[in-house]
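See below for the structure under consideration.
We count ligands from 1, going down the list as the structure has it; atoms in each ligand are counted the same way.
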Amino acid sequence: MPMPTLSVDARPYPFTFDPATTALVVIDMQRDFMEPGGFGETLGNDVSLLRSTIEPTAAILTAFRAVGIPIIHTREGHQPDLSDLPDAKRDRGNPTLRIGDEGPKGRILVVGEEGQDIVDELKPLPGEPVVDKPGKGAFYATSFGDLLAEAGIKSLIVAGVTTEVCVHTTVREANDRGYECLVLEDCVGSYFPEFHRVALDMIAAQGGIFGWVAPSASVLDALER
Ligand code: C5J
(Lines give C-alpha, C1' and ligand atoms only; values in the text may rest on other atoms or scores of the structure.)
Protein backbone atom coordinates (compact mmCIF):
# COMPACT_ATOMS: atom_id res chain seq x y z
CA MET A 1 0.00 0.00 0.00
CA PRO A 2 1.43 3.47 -0.85
CA MET A 3 2.45 5.66 2.09
CA PRO A 4 0.18 8.61 2.86
CA THR A 5 1.31 12.23 2.53
CA LEU A 6 3.54 13.05 5.51
CA SER A 7 3.91 16.26 7.50
CA VAL A 8 7.22 17.31 9.05
CA ASP A 9 7.54 19.84 11.86
CA ALA A 10 9.68 22.45 10.07
CA ARG A 11 10.24 26.15 9.74
CA PRO A 12 8.69 28.43 8.61
CA TYR A 13 5.72 26.00 8.78
CA PRO A 14 5.14 22.25 8.42
CA PHE A 15 6.58 20.63 5.29
CA THR A 16 4.25 18.12 3.66
CA PHE A 17 5.49 15.57 1.15
CA ASP A 18 4.23 12.57 -0.76
CA PRO A 19 6.86 9.81 -0.34
CA ALA A 20 6.00 8.59 -3.86
CA THR A 21 7.21 11.87 -5.40
CA THR A 22 10.09 12.68 -3.02
CA ALA A 23 13.82 12.00 -3.18
CA LEU A 24 16.61 12.36 -0.65
CA VAL A 25 19.56 14.24 -2.14
CA VAL A 26 22.90 13.81 -0.41
CA ILE A 27 25.26 16.48 -1.66
CA ASP A 28 29.05 16.14 -1.91
CA MET A 29 29.75 14.08 1.23
CA GLN A 30 33.23 13.51 -0.23
CA ARG A 31 36.65 12.87 1.30
CA ASP A 32 37.85 15.96 -0.59
CA PHE A 33 35.65 18.10 1.67
CA MET A 34 35.44 16.06 4.86
CA GLU A 35 38.87 14.50 5.36
CA PRO A 36 42.39 15.92 5.67
CA GLY A 37 44.47 16.24 2.49
CA GLY A 38 41.61 17.15 0.17
CA PHE A 39 40.20 20.18 -1.62
CA GLY A 40 38.58 21.65 1.51
CA GLU A 41 41.84 21.60 3.43
CA THR A 42 43.86 23.04 0.52
CA LEU A 43 41.62 26.10 0.78
CA GLY A 44 42.60 26.52 4.43
CA ASN A 45 39.50 25.02 6.07
CA ASP A 46 39.19 22.91 9.23
CA VAL A 47 37.53 19.84 7.69
CA SER A 48 36.69 18.33 11.09
CA LEU A 49 33.83 20.87 11.31
CA LEU A 50 31.83 18.88 8.74
CA ARG A 51 31.99 15.55 10.51
CA SER A 52 28.96 16.16 12.76
CA THR A 53 26.78 15.69 9.66
CA ILE A 54 27.82 12.05 9.19
CA GLU A 55 25.89 10.34 11.99
CA PRO A 56 22.48 11.98 11.37
CA THR A 57 22.83 11.55 7.61
CA ALA A 58 23.64 7.85 8.04
CA ALA A 59 20.46 7.52 10.15
CA ILE A 60 18.36 9.28 7.49
CA LEU A 61 19.85 7.07 4.76
CA THR A 62 18.90 3.97 6.76
CA ALA A 63 15.34 5.25 7.30
CA PHE A 64 14.79 6.24 3.65
CA ARG A 65 16.20 2.95 2.38
CA ALA A 66 13.83 1.09 4.72
CA VAL A 67 10.74 2.79 3.28
CA GLY A 68 12.00 2.85 -0.32
CA ILE A 69 12.21 6.62 -0.89
CA PRO A 70 14.75 7.17 -3.71
CA ILE A 71 18.19 8.48 -2.82
CA ILE A 72 20.48 10.43 -5.15
CA HIS A 73 24.09 11.27 -4.22
CA THR A 74 26.16 14.01 -5.81
CA ARG A 75 29.91 14.52 -5.97
CA GLU A 76 31.65 17.70 -7.04
CA GLY A 77 34.43 16.82 -9.46
CA HIS A 78 36.08 17.28 -12.81
CA GLN A 79 36.97 14.98 -15.69
CA PRO A 80 40.59 13.74 -15.64
CA ASP A 81 41.46 15.97 -18.64
CA LEU A 82 40.02 18.96 -16.72
CA SER A 83 38.04 19.98 -19.83
CA ASP A 84 35.12 20.96 -17.58
CA LEU A 85 37.22 23.07 -15.20
CA PRO A 86 37.16 26.81 -15.87
CA ASP A 87 40.49 28.58 -15.26
CA ALA A 88 38.65 30.87 -12.85
CA LYS A 89 37.74 27.92 -10.61
CA ARG A 90 41.21 26.34 -10.80
CA ASP A 91 43.01 29.51 -9.77
CA ARG A 92 40.51 30.96 -7.23
CA GLY A 93 41.77 31.29 -3.66
CA ASN A 94 45.39 30.48 -4.45
CA PRO A 95 45.11 27.02 -2.83
CA THR A 96 48.15 25.02 -1.69
CA LEU A 97 47.11 22.32 -4.21
CA ARG A 98 44.96 23.11 -7.24
CA ILE A 99 42.14 20.99 -8.67
CA GLY A 100 43.82 18.26 -10.74
CA ASP A 101 47.07 18.30 -8.73
CA GLU A 102 48.25 15.09 -7.07
CA GLY A 103 47.36 15.07 -3.36
CA PRO A 104 47.53 12.50 -0.57
CA LYS A 105 44.25 10.94 -1.79
CA GLY A 106 44.84 11.15 -5.53
CA ARG A 107 44.24 14.09 -7.87
CA ILE A 108 42.28 16.84 -6.11
CA LEU A 109 38.56 16.88 -7.02
CA VAL A 110 39.01 14.65 -10.08
CA VAL A 111 36.31 12.08 -10.86
CA GLY A 112 37.37 8.54 -9.97
CA GLU A 113 40.07 9.51 -7.45
CA GLU A 114 39.92 8.34 -3.82
CA GLY A 115 39.54 11.87 -2.47
CA GLN A 116 36.67 12.69 -4.81
CA ASP A 117 34.65 9.71 -3.62
CA ILE A 118 32.04 9.69 -0.87
CA VAL A 119 33.17 8.99 2.72
CA ASP A 120 32.92 5.34 3.79
CA GLU A 121 30.22 6.04 6.40
CA LEU A 122 27.78 7.34 3.74
CA LYS A 123 28.64 5.09 0.80
CA PRO A 124 25.85 4.81 -1.81
CA LEU A 125 24.26 1.40 -2.19
CA PRO A 126 24.26 -0.28 -5.60
CA GLY A 127 21.43 1.21 -7.65
CA GLU A 128 21.51 4.63 -5.96
CA PRO A 129 22.48 7.19 -8.61
CA VAL A 130 25.68 9.17 -8.07
CA VAL A 131 25.76 12.40 -10.07
CA ASP A 132 29.17 13.98 -10.71
CA LYS A 133 28.87 17.73 -11.07
CA PRO A 134 31.49 20.24 -12.20
CA GLY A 135 29.77 23.16 -10.47
CA LYS A 136 28.29 23.98 -7.12
CA GLY A 137 24.68 23.31 -8.13
CA ALA A 138 23.52 19.76 -8.90
CA PHE A 139 21.53 20.86 -11.98
CA TYR A 140 24.36 22.61 -13.85
CA ALA A 141 25.89 20.45 -16.63
CA THR A 142 24.56 17.16 -15.20
CA SER A 143 21.75 14.63 -15.69
CA PHE A 144 20.28 15.48 -12.27
CA GLY A 145 17.21 17.35 -13.61
CA ASP A 146 16.44 14.52 -16.06
CA LEU A 147 16.76 11.93 -13.30
CA LEU A 148 14.23 13.80 -11.16
CA ALA A 149 11.83 14.34 -14.06
CA GLU A 150 11.97 10.67 -15.13
CA ALA A 151 11.18 9.55 -11.57
CA GLY A 152 8.32 12.08 -11.22
CA ILE A 153 9.98 13.75 -8.24
CA LYS A 154 8.41 16.95 -6.90
CA SER A 155 9.99 17.31 -3.43
CA LEU A 156 13.61 17.09 -2.33
CA ILE A 157 14.88 16.39 1.16
CA VAL A 158 18.44 17.64 1.30
CA ALA A 159 21.59 16.68 3.24
CA GLY A 160 25.22 17.43 2.46
CA VAL A 161 28.05 19.90 2.45
CA THR A 162 28.61 22.72 2.48
CA THR A 163 25.50 24.50 3.66
CA GLU A 164 26.13 27.88 2.07
CA VAL A 165 27.88 26.64 -1.09
CA CYS A 166 26.73 23.45 -2.85
CA VAL A 167 23.64 22.86 -0.68
CA HIS A 168 22.43 26.44 -1.09
CA THR A 169 23.19 26.58 -4.81
CA THR A 170 21.34 23.31 -5.42
CA VAL A 171 18.33 24.35 -3.34
CA ARG A 172 18.14 27.67 -5.21
CA GLU A 173 18.36 25.89 -8.56
CA ALA A 174 15.68 23.39 -7.46
CA ASN A 175 13.42 26.13 -6.13
CA ASP A 176 13.53 27.98 -9.45
CA ARG A 177 12.57 24.73 -11.20
CA GLY A 178 9.50 24.25 -9.00
CA TYR A 179 10.74 21.67 -6.49
CA GLU A 180 9.75 21.87 -2.82
CA CYS A 181 12.94 21.54 -0.75
CA LEU A 182 13.39 20.61 2.88
CA VAL A 183 16.93 21.06 4.21
CA LEU A 184 17.91 18.90 7.20
CA GLU A 185 19.77 21.29 9.48
CA ASP A 186 21.92 18.67 11.27
CA CYS A 187 22.68 16.79 8.02
CA VAL A 188 24.22 19.85 6.36
CA GLY A 189 27.45 21.48 7.49
CA SER A 190 29.86 24.31 6.87
CA TYR A 191 33.45 25.26 7.67
CA PHE A 192 31.92 28.50 8.96
CA PRO A 193 29.31 28.00 11.75
CA GLU A 194 27.97 31.52 11.23
CA PHE A 195 27.45 30.96 7.47
CA HIS A 196 25.69 27.67 8.27
CA ARG A 197 23.24 29.39 10.62
CA VAL A 198 22.55 32.31 8.32
CA ALA A 199 22.28 30.11 5.20
CA LEU A 200 19.57 28.06 6.90
CA ASP A 201 17.79 31.23 8.04
CA MET A 202 17.89 32.51 4.44
CA ILE A 203 16.13 29.39 3.17
CA ALA A 204 13.24 29.60 5.64
CA ALA A 205 12.90 33.43 5.76
CA GLN A 206 10.12 35.32 3.97
CA GLY A 207 7.66 32.45 4.28
CA GLY A 208 10.19 29.89 2.97
CA ILE A 209 11.62 31.87 0.08
CA PHE A 210 13.81 28.89 -0.94
CA GLY A 211 12.18 26.11 1.11
CA TRP A 212 11.94 24.61 4.58
CA VAL A 213 14.41 23.72 7.35
CA ALA A 214 14.03 21.00 9.99
CA PRO A 215 16.14 18.72 12.16
CA SER A 216 16.42 15.18 10.81
CA ALA A 217 14.62 13.92 13.94
CA SER A 218 11.43 15.62 12.67
CA VAL A 219 11.60 13.61 9.43
CA LEU A 220 12.26 10.39 11.33
CA ASP A 221 9.22 11.21 13.53
CA ALA A 222 7.05 11.77 10.45
CA LEU A 223 8.15 8.43 8.96
CA GLU A 224 7.37 6.58 12.20
CA ARG A 225 3.99 8.23 12.94
C1 C5J B 1 32.59 23.75 -1.98
C2 C5J B 1 30.72 22.26 -1.83
N3 C5J B 1 32.40 24.25 -0.74
N4 C5J B 1 30.39 20.99 -2.03
N5 C5J B 1 31.82 22.75 -2.44
O6 C5J B 1 33.47 24.19 -2.66
O7 C5J B 1 30.06 22.95 -1.07
Side-chain angles (χ1 to χ4, degrees), residues 24-54 56-57 71-79 82 84-101 103 105-119 121-124 129-142 144 156-175 181 183-200 202-203 210-211 213:
L24 173 67
V25 185
V26 185
I27 298 176
D28 300 3
M29 293 290 211
Q30 298 163 244
R31 295 194 184 96
D32 257 322
F33 296 110
M34 307 185 77
E35 294 182 0
F39 184 58
E41 196 173 73
T42 71
L43 291 170
N45 297 304
D46 173 2
V47 293
S48 70
L49 287 164
L50 304 187
R51 304 219 37 107
S52 66
T53 59
I54 292 177
T57 303
I71 297 165
I72 304 173
H73 305 259
T74 71
R75 302 186 301 194
E76 185 172 343
H78 296 276
Q79 295 306 309
L82 305 184
D84 56 359
L85 175 64
D87 291 352
K89 182 173 179 183
R90 191 195 61 226
D91 297 336
R92 187 88 44 84
N94 198 20
T96 50
L97 286 174
R98 285 168 207 275
I99 295 170
D101 288 352
K105 290 183 175 144
R107 294 178 68 201
I108 300 285
L109 224 56
V110 168
V111 172
E113 300 286 337
E114 183 191 348
Q116 194 262 349
D117 206 358
I118 293 168
V119 296
E121 299 91 328
L122 304 173
K123 271 268 165 289
V130 178
V131 175
D132 284 310
K133 59 185 185 58
K136 305 305 184 198
F139 289 84
Y140 170 67
T142 72
F144 185 64
L156 302 177
I157 297 184
V158 182
V161 297
T162 63
T163 317
E164 77 282 10
V165 184
C166 290
V167 170
H168 232 265
T169 305
T170 299
V171 167
R172 287 170 183 239
E173 287 180 331
N175 182 61
C181 297
V183 177
L184 303 181
E185 61 192 28
D186 50 334
C187 299
V188 295
S190 171
Y191 304 120
F192 304 90
E194 181 67 3
F195 292 175
H196 171 78
R197 187 181 64 73
V198 174
L200 293 174
M202 287 167 69
I203 288 167
F210 296 125
V213 175

Exercise. For Lys133 and Asp28, what are the C-alpha separation, side-chain angles and deciding distance, and is it a salt bridge (charged side-chain N to carboxylate O under 4.0 Å, His left out)?
Worked result: CA-CA 9 Å; Lys133 59 185 185 58; Asp28 300 3; 2.7 Å; yes
Exercise. What part of Asp28 sits under 4.0 Å from ligand 1 if we count only heavy atoms: the side chain, the backbone, both or neither?
Worked result: side chain
Exercise. What is the nearest protein non-hydrogen atom to atom 1 (C) of ligand 1, stated with its residue, atom name and distance?
Worked result: Phe33 CE2, 3.5 Å
Problem set entry | Distance, nearest 0.5 Å, that separates NE2 of His168 from CG of Leu200 | 7.0 Å
Problem set entry | Geometric N/O contact Lys133 with ligand 1, under 3.5 angstrom | no
Problem set entry | Atoms in ligand 1 with a heavy atom of Val161 nearer than 4.0 Å | 2 (C), 4 (N), 7 (O)
Exercise. With atoms numbered from 1 as shown, which atoms in ligand 1 lie under 4.0 angstrom from a non-hydrogen atom of Cys166?
Worked result: 2 (C), 4 (N), 5 (N), 7 (O)
Exercise. Is any N or O atom of Phe39, backbone or side chain, closer than 3.5 Å to an N or O atom of ligand 1?
Worked result: no
For this session: Sequence neighbours left out, what pairs pass salt bridge (charged side-chain N to carboxylate O under 4.0 Å, His left out) with at least one residue falling in residues 105-116?
Result: Glu35-Lys105
Seminar exercise, completed: closest protein heavy atom to atom 5 (N) of ligand 1 is Glu76 OE1, 2.9 Å
Exercise. Which pairs, with at least one residue in residues 37-52 and sequence neighbours excluded, count as a salt bridge (charged side-chain N to carboxylate O under 4.0 Å, His left out)?
Worked result: Arg51-Glu121
Exercise. Looking at ligand 1, does any of its N/O atoms fall within less than 3.5 Å of an N/O of Val165?
Worked result: no
Seminar exercise, completed: Within 4.0 Å of some non-hydrogen atom of Thr162, the atoms of ligand 1 are 2 (C), 3 (N), 4 (N), 7 (O)
Exercise. So is Lys136 polar-close to ligand 1, meaning N/O to N/O under 3.5 Å?
Worked result: yes
Problem set entry | Per-residue contact class, Val167 against ligand 1 - non-hydrogen pairs under 4.0 Å | neither
Seminar exercise, completed: Correct closest heavy-atom pair for Val111 and Gly77 would be CG2-C, 3.9 Å
Exercise. Which of these, Ile203, Val188, Val183, sits in a side-chain contact (heavy atoms from CB on, under 4.5 Å) with Thr163?
Worked result: Val188
Exercise. Which atom names give the shortest non-hydrogen contact between Ile118 and Pro124, and what distance separates them?
Worked result: CD1-CG, 3.7 Å
Exercise. Does Phe33 reach the side chain of Leu43, with side-chain heavy atoms less than 4.5 Å apart?
Worked result: no
